[in-house]
Amino acid sequence: MTMDIHIENLPRTIELVADEGGPVLRYVDQRLLPGELRMEQTRDWRTVVDAIKVLAVRGAPAIGLAGAAAMALWAAYDGKGLEAASEEIATARPTAVNLDWAVRRTLDEISSSEGRDVSERLFSLVKLMEAEDEAANRAIGENGAALLGAESRILTHCNAGSLAVVFYGTALGIVYAAAAQGKIERVYADETRPVGQGARLTVWELSRVGIPTTLICDNMAASLMAKGCVDAVVVGADRIARNGDTANKIGTYGLSVLAKEHGIPFYVAAPMSTVDNSLPDGSGIVIEQRAAAEVLPRAIEGVDVWNPAFDVTPARLISKIVTEKGAFSPEELAAQL
Ligand code: MRU
């Protein structure tokens, strides 16, 4: 039975718009969700860098777009110290390759412009990247939906939905495409400690679209699988090495081990821009360490906190990597490169 879903209830997460006097970046401040859906706007590239660092804008493709847009704002309103500005933007967060990739695209555009119309050219490039993002997500959605059976119960982690991209989503893009085909019974969303992207963002997004959703604590996934309630695990990615090793939100690796134990397929959904061709395997992926206060808001003397934001899932635990070009086993993905 097809499901009535309402993608149109989701905002565009991030968008560069032409305003009187120049470009303005509009974005959802994700720290305020699910309580408040607030669109911020800025003309200041440094504000965009801060928004990335504090997770107001988050999710690999969304921070990539934010990086490119920051470069367009730099070109429109600043224009000084290209090297330092681009470095500051590209390194706002280290793990998602999309940020560095997007800033490099703007640098290539600046080089080829030979100093002419730099601001207009970067504006057009960012608009092109926004359109490419949505098109890639919709293709990922179709390619992933084809892997799912009828009445699928999906477990997802973190937020790899529309809020993590310009529009539509990668892992949740697969859910949306499959739901439109009547293939989704329910999505289980991990809370995703310590920042709560699942509890705050994924369930908000799924409920707005109209997908039956159940929130679980991260430590409930094993029991849920053991009870036979999960048909597939679908997650996003921040950086995929050439051999398919995949960095994603901390806790993803654990889920892949559990999925293997229970014989459940484990799918990673990401655009090709998340594949880092320079890395032979996941050992070279830099894992962002975040503040202790995310885990322990009130410090306790003598207690240290370890807070890596991401982990690396070995390729051998991944059934398919679903991209806009198709769904590939890790070996097949390497052949695509
Ligand atoms: O720290 P975050 O919230 O930026 O982490 C996001 C994730 O790990 C997502 O799963 C990943 O970026 C893919 S988003 C399509």
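Values below: all heavy atoms of this structure, side chains included; hydrogens, waters and symmetry mates excluded. Atoms within a ligand are numbered from 1 in the order they appear, just like the ligands themselves. Everything quoted here is computed from the prediction, not taken from an experiment. All residue numbers refer to positions in the sequence shown, counting from 1.
- The single protein non-hydrogen atom nearest to atom 4 (O) of ligand 1 is Arg93 NH1, 2.8 Å, given as residue, atom name and distance.
- Residue contacts with ligand 1, taken as heavy atom pairs separated by less than 4.0 Å, involve Lys249 via backbone and side-chain atoms alike.
- We find the CG-CG distance between Asp190 and Asp218 to be 5.0 Å, quoted to the nearest 0.5 Å.
- The side-chain tip of Lys320 does not point at the ring of Phe328 from less than 6.0 angstrom away and within 45° of straight on.
- For His157, the heavy-atom gap to ligand 1 stays at 4.0 angstrom or more.
- Using a 4.0 angstrom heavy-atom cutoff, Ala237 counts as in contact with ligand 1.
- Minimum interatomic distance between Ala92 and Ile52 (heavy atoms only, all atoms of both residues): CB-CG2, 3.9 Å.
- Residues Ile240 and Ala270 come closest through the heavy atom pair CD1-CB, 3.9 Å.
- Which parts of ligand 1 touch Gln197 is read off a 4.0 Å heavy-atom cut-off, strictly below it: atoms 1 (O), 2 (P), 3 (O).
- Checked by distance only, ligand 1 and Gly59 come closer than 3.5 Å through their nitrogen or oxygen atoms.
- Partner of Asp231 under the side-chain hydrogen bond (donor to acceptor under 3.5 Å, both in side chains) criterion, chosen from Lys183, Arg186, Arg153: Arg153.
- For ligand 1, the atoms closer than 4.0 angstrom to any heavy atom of Ala60 are 12 (O), 14 (S).
- Of the protein's non-hydrogen atoms, the one nearest atom 3 (O) of ligand 1 is Arg58 NE, 2.5 Å.
- The shortest heavy-atom contact between Thr246 and Ala237 is CG2-CB, 3.6 Å.
- At under 3.5 Å, not a single nitrogen or oxygen of Thr170, backbone or side chain, sits near a nitrogen or oxygen of ligand 1.
- Contact annotation: for Pro61 versus ligand 1, heavy atoms closer than 4.0 Å belong to the side chain alone.
- Scanning the protein for heavy atoms near atom 10 (O) of ligand 1, the closest one is Asn248 OD1, 2.6 Å.
- Considering backbone and side-chain atoms alike, Gly236 places every N or O at 3.5 Å or more from each N or O of ligand 1.
- Comparing Ile63, Thr274, Asp238 against atom 11 (C) of ligand 1, the shortest heavy-atom distance belongs to Asp238.
- Residues Ile140 and Tyr168 share a hydrophobic cluster, clusters being chains of Ile/Leu/Val/Met/Phe/Trp/Tyr side chains in contact below 4.5 Å.
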* **From CA spacing to verdict: side chain to side chain contact (heavy atoms under 4.5 Å, CB included), Leu122, Ile110** => CA-CA 8 Å; Leu122 289 192; Ile110 293 170; 4.0 Å; yes
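- For the residue pair Asp276/Ser278, the side-chain donor-acceptor check at 3.5 Å is satisfied.
- The part of Cys158 lying near ligand 1 is the side chain, judged by heavy-atom distances below 4.0 Å.
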